[in-house]
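Values reported hereafter were calculated over all heavy atoms of this structure, with side chains retained and with hydrogens, waters and symmetry mates removed. Residue numbers begin at 1 in each chain, while the letters A, B, ... track the order of the sequences.
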There are 2 protein chains.
Amino acid sequence: MVTKQFSGSPEDADLTRADSLAREIFSDIANKWALLIIESIGDRTRRFSELRDEIEGISHKMLTQNLRMLERNGLVERTVHPTVPPRVDYTLTEPGRALRPVVDGMCDWTHRYLGDIEASRGRFDG
Amino acid sequence: MVTKQFSGSPEDADLTRADSLAREIFSDIANKWALLIIESIGDRTRRFSELRDEIEGISHKMLTQNLRMLERNGLVERTVHPTVPPRVDYTLTEPGRALRPVVDGMCDWTHRYLGDIEASRGRFDG
DNA sequence: CTGAATCCTCAATGATACTG
DNA sequence: CAGTATCATTGAGGATTCAG
């Protein structure tokens, strides 16, 4: 549950604090760019430019922004190679890898129900 | 994969069309309100006001907007009871229920790594 | 190449009021 | 109660520029 939680116990403060933190994290993760980045990195090591090229439609800014956010939350690790021109590699951390099955599940679901959804849309719109 | 797909085969047009549709659907679903609504409905029948009360922080507008979107994509079914005052029930359809494990997985992941993430944030911010 | 910062625009969101 | 519409505001996100 990432929605409300009632208690009444003395640990109320901690519970609501943990809940609001959970919601904050959930909101960070539950957005398309974050999930697509995780999906794109997978179990590989990817450079900034590779991600930008692979993730259709993502802008330079959105990519850096989301990579920072994922790094801050400890889902991706960023290693800078002091070469010139600079080269930065991104990999998933253990928490990041643990999220992969979830993202895969969402991708699978999307393809599995593509037809049904298209049909439903047709009905709804028409 | 919901990112790029190359082919070169004659079905190119259909492939890219299916891909863009997949991305569209993925973008619809991969947002916090949609996922929280699905989580909140679960296997129950929920009224509009119940959802509004249960999903902390969601506005009237966001709830209706996302419910319409989910209905259009065939994830939720909307049944209006012609009473006064009116009463509207929402339930998950088969595609909607099929997405539950994914959402549950994301919620589980959030709570599982809450501590790690908080620690990582501390390191990153400090 | 990567990334930060700036500016600018438009869409997402909230607040409010009105309808069935 | 549920839903739509309108308006106002904010913030997301794109384009561009500069720096390491």
Side-chain angles (χ1 to χ4, degrees), chain A residues 3 20 23-37 40-41 44-73 75-92 124-125, chain B residues 2-3 20 23-38 40-41 44-73 75-92 124-125:
Chain A
T3 51
S20 79
R23 273 293 292 270
E24 204 179 307
I25 295 167
F26 189 87
S27 299
D28 271 358
I29 302 306
N31 91 55
K32 62 171 177 173
W33 293 134
L35 297 180
L36 287 173
I37 288 172
S40 182
I41 297 180
R44 294 166 297 195
T45 295
R46 316 239 71 177
R47 302 182 54 178
F48 181 88
S49 47
E50 291 175 331
L51 291 172
R52 176 166 37 72
D53 293 343
E54 179 160 330
I55 302 173
E56 179 97 12
I58 196 169
S59 69
H60 185 104
K61 188 181 183 177
M62 281 304 96
L63 182 54
T64 53
Q65 215 167 77
N66 278 275
L67 281 172
R68 284 305 151 275
M69 180 273 286
L70 292 172
E71 186 191 359
R72 184 171 108 93
N73 289 325
L75 278 81
V76 306
E77 185 177 352
R78 177 171 173 267
T79 58
V80 182
H81 296 86
T83 60
V84 43
R87 174 204 177 104
V88 181
D89 286 337
Y90 292 93
T91 56
L92 292 183
F124 189 92
D125 296 338
Chain B
V2 197
T3 52
S20 80
R23 273 293 292 272
E24 204 180 308
I25 294 167
F26 188 86
S27 299
D28 271 358
I29 302 306
N31 91 55
K32 63 171 178 174
W33 293 134
L35 297 181
L36 288 173
I37 289 172
I38 291 168
S40 183
I41 297 180
R44 295 165 297 196
T45 295
R46 315 238 72 176
R47 302 182 53 177
F48 182 88
S49 48
E50 291 175 331
L51 292 172
R52 175 167 38 72
D53 293 343
E54 179 162 329
I55 302 174
E56 179 97 12
I58 197 169
S59 69
H60 186 104
K61 189 179 183 178
M62 282 303 97
L63 183 54
T64 52
Q65 217 168 74
N66 277 276
L67 281 172
R68 282 306 152 276
M69 180 272 288
L70 291 172
E71 187 191 0
R72 183 172 108 94
N73 288 325
L75 278 80
V76 306
E77 185 176 351
R78 177 171 173 268
T79 57
V80 182
H81 297 84
T83 60
V84 43
R87 172 202 179 107
V88 182
D89 286 336
Y90 291 94
T91 55
L92 292 184
F124 189 91
D125 296 338

When you check the phosphate oxygens OP1 and OP2 of [N], does a side-chain N or O of [X] lie under 4.0 Å from one of them?
X: A:Tyr90; N: C:dC1; answer: no
X: A:Arg47; N: C:dT2; answer: yes
X: A:Arg52; N: C:dC1; answer: no

Degree of bending, the helix from C:dC1-D:dG20 to C:dG20-D:dC1 (end axes from five pairs; round to 10°)
40°

Any side-chain heavy atom of B:Phe48 sitting closer than 4.5 Å to one from B:Leu51?
no

Among [options], which nucleotide has an atom closest to any side-chain atom of [X]?
X: A:Lys61; options: C:dC1, D:dA2, C:dC7; answer: C:dC7
X: B:Gln65; options: D:dG14, C:dT13, C:dG3; answer: C:dT13
X: B:Thr64; options: D:dT4, C:dG3, D:dC1; answer: D:dT4
X: A:Arg78; options: C:dT6, C:dG14, C:dT2; answer: C:dT2

d([atom1], [X]; [atom2], [N]) in whole Å:
X: B:Ile55; N: C:dG14; atom1: CD1; atom2: P; answer: 13 Å
X: A:Asn66; N: C:dT2; atom1: CG; atom2: P; answer: 17 Å
X: B:Met62; N: C:dT16; atom1: CE; atom2: P; answer: 16 Å

Distance criterion of 3.5 Å, no angle test: do you see the side chain of B:His60 paired donor-to-acceptor with the base of C:dG14?
no

Treating B:Ser40 as the side-chain partner and B:Leu36 as the backbone partner, does any N or O pair qualify as donor plus acceptor under 3.5 Å?
no

Say whether B:Asn31 and A:Asn31, considering side chains only, have a donor N or O and an acceptor N or O under 3.5 Å apart.
no

Output yes when B:Glu71 and B:Arg68 qualify as a salt bridge under the 4.0 Å nitrogen-oxygen rule, no when they do not.
yes

